[in-house]
Amino acid sequence: MKLNIAVLPGDGIGPEVTKEAIKVLKAVAVEFDHSFHFTEAAVGAIAIDQTGNPLPDQTLDLCRMSDAVLFGAIGAPKYDNDPTAKVRPEQGLLKLRKELGLFANIRPIKAYTPLLEKSPLKEEIIKGTDISIYRELTGGIYFGEKKLNKEGTQASDLCVYTKEEIERITHLAFKAARNRRKKVTLVDKANVLESSRLWRKVVTEIAQDYPQVTLDFLFVDNAAMQMILNPTQFDVILTENMFGDIISDEASVIGGSIGLLASASVGGTIGLFEPIHGSFPQGAGKGIANPLASILSAAMMLEHFGLNAEAKRITDAVDKSLELEITTTDLNSGRGVSTSRVGDFIEDYILNPEDTNLNFNNIHLGQSTII
């Protein structure tokens, strides 16, 4: 298969982790006889510094002409710490999602066996957790009308959803559940919010088209608590934009590191694939950033194109890296390896999956034979 991939490394650790994802994808292309072409463009704070625009026209044009977008991270302290800034890095990502019609964000949450003890939650609580969060991405309070009075003493953000916006992501969530454990949990605040009551009405109607899937409801405050008390009860979580943003970040503690959480944003003809961690500017350039979320996002991209064997090779490599503790310091504080060394290991596994004695042991000992 031939794919043209737009690469938007962004800010902070974004370029470092994206570099490792590209390394892994190039290994997949070699091993499975594909052709992946990568073209890089600016987005976020670096784009503001260069052009004054967090999503330059040439970046958007590149994305529209590509088959997929591989995204790094955005954000910089000078914007994060300045609430008066009129132009912000996050505006670039929000606009990109809107322009590409990426209405569904899919975030897998998994408790990896080798990392159970790394989680702040008890092993017996999180063991077996396997959740897929479907977050609506282009509606709700983030995109609603915003007002601030002249005195700067009163502000409002409007949360708006249409039936059509709810329907399209609901069908995706139910189709996913049909191939998983056949349960969808709608997370809302229908006891207070009119928009949530519309969500319940529409989702309940659509559920009738999927009789094999069980539909459950949780208010978002209860869902946040249940995510900590009993995460294994969840299969597919369906929710609106802001609730999904909060719930998925909360769920990151289950895996032991936010550096493991990948995501796919889909809905239009072009998908966007990105780790959910931030730009972590304090760690930029130090070789300590965990690239696994970006690498797993690349695997989700391959799945999106039906390249399931290729995606599995990547996830198998990640599992092996965790098993052998060939990870960055966030997961292995005593013997962590660099960002690039983790990428080297994943690359080597993809090219030599059966050679588990020589290469894996050498890399584990810091004696990689990779050139």
Side-chain angles (χ1 to χ4, degrees), residues 1-26 28-29 34-80 82 85-106 137-139 142-143 146 241 262-281 284-285 289 291 293-295 297-298 300-302 304-305 343:
M1 178 178 287
K2 182 178 180 179
L3 294 176
N4 292 313
I5 302 168
V7 179
L8 277 54
D11 309 316
I13 63 170
E16 296 171 65
V17 297
T18 304
K19 179 181 178 181
E20 302 311 311
I22 293 173
K23 180 189 296 181
V24 169
L25 286 170
K26 286 181 177 179
V28 168
H34 297 303
S35 176
F36 300 154
H37 180 71
F38 303 92
T39 305
E40 187 173 317
V43 71
I46 190 171
I48 297 175
D49 293 343
Q50 293 175 358
T51 70
N53 185 348
L55 182 66
D57 291 342
Q58 56 266 39
T59 298
L60 181 56
D61 290 342
L62 170 66
C63 293
R64 285 173 170 159
M65 293 186 296
S66 301
D67 298 304
V69 179
L70 188 63
F71 197 95
I74 54 171
K78 66 179 178 180
Y79 298 104
D80 296 340
D82 181 7
K86 299 300 182 182
V87 181
R88 311 184 66 85
E90 295 78 12
Q91 293 170 344
L93 180 55
L94 291 176
K95 182 179 178 181
L96 182 60
R97 289 169 176 170
K98 198 76 170 180
E99 292 290 333
L100 297 183
L102 305 175
F103 62 80
N105 183 243
I106 307 166
L137 206 55
T138 59
Y142 290 171
F143 289 94
K146 304 177 188 312
N241 205 341
S263 78
S265 298
V266 299
T269 57
I270 303 160
L272 182 147
F273 304 86
E274 62 172 317
I276 77 163
H277 58 65
S279 61
F280 186 35
S294 187
I295 291 170
S297 297
M300 294 185 75
M301 183 184 73
L302 296 177
H304 179 71
F305 290 103

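Any value given below was found using the heavy atoms of this structure, including those in side chains, with hydrogens, waters and symmetry copies removed. In this text the structure is predicted, and so the values were computed from the model without any measurement.
To the nearest 0.5 Å, atoms CD (Glu40) and CD1 (Ile5) are separated by 13.0 Å. The CG atom of Leu96 sits 6.5 Å away from atom CG of Leu102, with the distance rounded to the nearest 0.5 Å. Once rounded to the nearest 0.5 Å, the distance linking CD1 of Ile22 with CD1 of Ile295 reads 11.0 Å. Between the CG atom in Leu100 and the SG atom in Cys63 there is a gap of 6.0 Å [rounded to 0.5 Å]. The distance from atom CZ of Phe143 to atom CG of Asn241, rounded to the nearest 0.5 Å, is 6.5 Å. In this structure, the separation between OH on Tyr79 and CD1 on Ile74 is 12.0 Å, given to the nearest 0.5 Å.
One side chain, Asn105 or Ser265, offers a donor N or O that lies under 3.5 Å from an acceptor on the other.
Closest approach of Val24 and Gly343 over heavy atoms only: CG2-O, 4.4 Å. The shortest heavy-atom contact between Met300 and Ile106 is CE-O, 3.8 Å. Here the closest heavy-atom approach between residue Gly267 and residue Phe103 is recorded as CA-CE2, 3.3 Å. Of all heavy-atom pairs spanning Ala262 and Ile276, the tightest one is O-CG2, 4.0 Å. The two residues Ser297 and Pro275 come nearest to each other via the heavy atoms OG-N, 3.3 Å. Closest heavy-atom contact between Asp67 and Lys2: OD2-O, 4.1 Å.
Under the 3.5 Å distance criterion, the side-chain polar atoms of Glu274 are left unmatched by any main-chain donor or acceptor of Val69. For the pair Ser279 (side chain) and Gly12 (backbone), a donor-acceptor distance under 3.5 Å is absent. The backbone N or O of Ala42 sits less than 3.5 Å from a side-chain atom of Thr59, completing a donor-acceptor pair. The backbone N or O of Asp82 lies less than 3.5 Å from a partner atom in the side chain of Arg88, making a donor-acceptor pair. Under a 3.5 Å cut-off, the side chain of Glu16 and the backbone N or O of Ile13 do not form any donor-acceptor pair.
Taking 4.5 Å as the limit, every side-chain heavy atom of Leu25 sits out of range of all side-chain heavy atoms of Leu3. Proximity of His34 to Leu302: side-chain heavy atoms (C-beta onward) are nowhere separated by under 4.5 Å. At least one side-chain heavy atom of Ile48 sits under 4.5 Å from a side-chain heavy atom of Pro89.
Taking a 6.0 Å sphere around NZ of Lys19, one finds it holds 12 or fewer heavy atoms contributed by other residues, nucleotides or ligands.
Between Phe36 and Phe38, the ring planes lie perpendicular to each other; the angle is over 60°, past the 30° to 60° tilted range.
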